[in-house]
Amino acid sequence: MEEQNTKKDFHTRNLDIIAQLREKKMREQEEKEITQKRKQDLVVKLKSRYVKEEQKEIKQQVSLPSINTPESSKNRQSSLKKEDIMLEQKMRIQEKQRQYLESIKTKQMQEKQKKEEMIQRQEIIKQSVKQKVLNQLSEVAQFVTKDDLLEQDSGSDDQDTQKVKLKKYPFITDLKQWKKKQRIDDAVKVFIIVGGYGDVAKALSQRGWVKNPDTGSPCFDFKFTLHNSEIDYNNLQDFQIVNHFAKIICLTTKVGLCKSLNNLIWFNNVDKNTFYPRAFDLSDEEDFENFREEFKLSKAEAILKMYLHLFKKKDANLIEKIKPQAIIALSVCRKMLQDINEIIDQQKQTAVITQKEWDILSKDDLNVQALAQKKHQAWLAKIGELKPLKKKKKSKLEKEQEDQIEDVDEFTQQIIDILQQFKSRFPQYYLNGVENIWIVKPAGLSRGRGIQCYKNLVEIEDHVASKGAQWIIQKYIEKPLIVLGKKMDIRQWVLITDWNPLTVWIYDEAYLRFTAEEYDPKDLENKMSHLTNNSIQKKGENFYKSDIEGNMWNQEQFSDYLMKTHQVNFMEIIRPQIEQAVIWSLQSVQDQVEQRKNSHEILGYDFMIDDKFHVWLIEINSSPDFSYSTHVTEKLVKEVSEDLIKVVIDRENDKKCDTGKFKRIYKAKSVLEKPASVGLNLCLEGKKIKKVKG
């Protein structure tokens, strides 16, 4: 009954619209006829007036000879003259009439042309009004069909209906009411896109979904946003699909990832140092102190590696210069290798590295006075009073040889033995070089902003103290895999569709980002040599001069390079490490992220590879860039957007549907419960028992 009434209302309203159009057309036609009649009357009056004036002029000219004297008139042949004059004047009148009629005809043609143009404009307006009606009817075809309307207006032409542009209704919070207001069928799905993602919107539109133009509206079936804050989790309906999980920042921020990976041991017996470069939160005093100790120990290892390098080069002068530091470094490294039981059994507990030992190890590093002078020189160069000194390019260190070194003295053999033990005991041995470089990152920024590399402890402490923000510091990969002389990283897309059980999908196509300039570990201030972020590199003067187009490669190009240059199979050596690191990182936070059905998350994982082909997780990004920054990303973004919808939308109705290049690599049985001892202080407290004398 309600549908019949609705149909009747729409039918009546459309008849009214057509009647109004016809009435308007009739009024316009009557006005045109009145105007035309007035023009014709005016032409007749003007013509009559013109003829009278011409006749009057002729009479005056004909009567002129009568003014002459009788003597002059006798000399004329009056009869012939009068006829000739009359004939001549008649011809003149006819010529003027012809010209006048031609001008009138020209004006009429112009008026006719204007009239036709006006009719065309009116027809366009009419068709536009009719098209709006047809568009509305196409959305409610169950009530009024297109044929019903065309029967009422036989003169209208058939045209393809276009989708109506939806309006914003900010005060409507119910999806069914919103669809009714927009005259949309209940079966039609509605989506909202915030922050670009045109290819995601295109994929949904191709499936018959309609877009809600109000990005803040709660009326949707699917919402895809740039930021997590644009989703109101408290008021989400169970059926609504969103592209973020609550509390995902424990994974997608630098601080969150640094701390969350400490929990991995509760879910999987894995050492995070095997895939994640050691990192510290410098806003945490305890973490800052741990970093200071780690920096000093890494410095000792770097000195031993430098000594061994100089020994291979047989540079006696430099060996003699560095040997005092090497002796202390060897002592420190031995203490690092001590077993915990040996440390407990020591009567006198000492630090792994004392202040006196550190003073010797760091004698070649910057001190406070040297740092102040360096900053002053940099300030003078900035204001233009001092030209910056050109840095001499130092020769690159030779790659460490694995073969046995000949003619080794006892001290050098001890260094070799210690480093061999380091190699087998510490998984990040190949991460460390001879410079002891660390990278400082602001916790609240992305796209490479605010990142700086340092190799002096005093510079790091000064940088953190002067900026007054939260900082993460991470061990820099000093010996990365260099491709065509440049540093690179890998961007890998990962999709999480569930946290309980944890379900992980990985995209089968990754891409590589390169620096615009060649890698130089000696020049730490040159970001174009150390940071691979596209937003940083595209600002460099050498970005468009690079021999790598767009400073990007697709996975196939990299795979071919590895096989031809290093005889390394990407799918057998690199890809398994990437997938394993992804699973481990997600396992570490599976009890922290707030689980919700009908939520998913697309993440951008950044990996680096060292020169031994070990894969290292650098960071994890939420809402990865889906822009056409280069020819590589343009192709991949179009594909991943379509495949994303296949997994999160199509697969809900058909579990066996095509998922494109997304491959499910992990599905857990359930979320593991974290032991109750987490967060407890397990340190044993007490006082030393004094021995009784006698």
Side-chain angles (χ1 to χ4, degrees), residues 1-14 16-17 128-129 131-146 148-149 160-246 596-601 623 641 644-646 648-653:
M1 188 67 181
E2 184 179 354
E3 291 184 359
Q4 292 178 355
N5 293 336
T6 307
K7 178 176 180 180
K8 185 177 179 181
D9 292 342
F10 276 103
H11 194 73
T12 303
R13 186 172 65 177
N14 292 326
D16 292 341
I17 293 174
S128 176
V129 173
Q131 188 64 40
K132 289 181 179 179
V133 176
L134 293 177
N135 288 339
Q136 293 176 355
L137 293 176
S138 66
E139 299 295 337
V140 288
Q142 69 273 27
F143 302 121
V144 180
T145 64
K146 178 181 175 182
D148 292 335
L149 183 60
D160 294 335
T161 58
Q162 299 177 359
K163 288 185 177 181
V164 65
K165 186 176 181 181
L166 303 182
K167 298 180 181 180
K168 295 182 179 181
Y169 294 104
F171 301 106
I172 298 179
T173 58
D174 181 70
L175 181 58
K176 288 186 177 180
Q177 185 181 358
W178 184 88
K179 288 181 180 180
K180 185 177 180 180
K181 189 72 174 178
Q182 299 283 10
R183 302 184 181 91
I184 296 176
D185 183 26
D186 285 342
V188 176
K189 299 292 185 179
V190 181
F191 70 91
I192 293 176
I193 299 290
V194 185
Y197 302 109
D199 290 302
V200 176
K202 181 180 178 181
L204 291 169
S205 298
Q206 290 174 346
R207 288 161 171 79
W209 292 48
V210 296
K211 182 179 180 180
N212 185 345
D214 186 359
T215 58
S217 171
C219 302
F220 61 86
D221 294 284
F222 179 93
K223 188 171 186 178
F224 201 94
T225 69
L226 179 64
H227 302 292
N228 202 320
S229 58
E230 293 165 329
I231 299 175
D232 184 6
Y233 291 98
N234 294 329
N235 295 311
L236 276 182
Q237 302 295 320
D238 291 340
F239 69 88
Q240 291 180 314
I241 304 173
V242 293
N243 69 315
H244 291 294
F245 289 98
R596 179 186 178 273
K597 295 295 182 182
N598 282 330
S599 284
H600 63 275
E601 189 92 30
S623 301
S641 299
L644 173 67
I645 299 303
K646 289 179 180 178
V648 300
I649 300 297
D650 298 349
R651 197 170 178 275
E652 286 298 311
N653 300 321

Problem - Lys167 NZ to Gln182 CD distance, which is reported to the nearest 0.5 Å - result: 8.0 Å
Handout entry: CZ-CG distance between Phe224 and Leu644, expressed to the nearest 0.5 angstrom
Key = 5.5 Å
Completion exercise
Residue pairs meeting salt bridge (charged side-chain N to carboxylate O under 4.0 Å, His left out), one or both in residues 223-244, sequence neighbours left out, come to none
Handout entry: Spacing of CZ belonging to Arg207 relative to CD1 belonging to Ile649, to within rounding of 0.5 Å
Key = 8.0 Å
Handout entry: Thr225 backbone acceptor or donor facing Asn243 side chain under 3.5 Å
Key = yes
Exercise for the section: Give a yes or no on whether the backbone of Pro218 and the side-chain of Gln240 come within a donor-acceptor separation of less than 3.5 Å. Expected result: yes
Problem - Closest non-hydrogen atom pair between Asp221 and Trp209, with its separation - result: CB-CZ3, 3.9 Å
Problem - Exam field: side chain Glu601 to backbone Phe245, donor-acceptor pair closer than 3.5 Å - result: yes
Could you pull out every donor-acceptor pair under 3.5 Å between side chains of residues 168-178 and any protein atom, sequence neighbours left out?
unit_1	atom_1	unit_2	atom_2	d
Asp174	OD2	Lys176	N	3.3
Asp174	OD2	Gln177	N	3.0

All N/O donor-acceptor pairs, side-chain side in residues 189-204, below 3.5 Å, sequence neighbours left out:
unit_1	atom_1	unit_2	atom_2	d
Asp199	OD1	Tyr628	OH	3.0
Asp199	OD2	Tyr628	OH	2.6

Problem - Distance in Å, Ser217 OG paired with Leu166 CG, rounded so as to fall on 0.5 Å steps - result: 11.0 Å
Handout entry: Residue pair Arg596 / Val242, side-chain heavy-atom distance below 4.5 Å
Key = yes
Fill in the blank from the handout: Rounding to 0.5 Å, atoms CZ (Phe220) and CG (Leu236) come to a distance of 5.0 Å
Handout entry: Minimal non-hydrogen separation, Ser623 against His244, with atom names
Key = OG-CE1, 3.2 Å
Completion exercise
Closest non-hydrogen contact found for Lys179 with Val188 is NZ-O, 2.6 Å
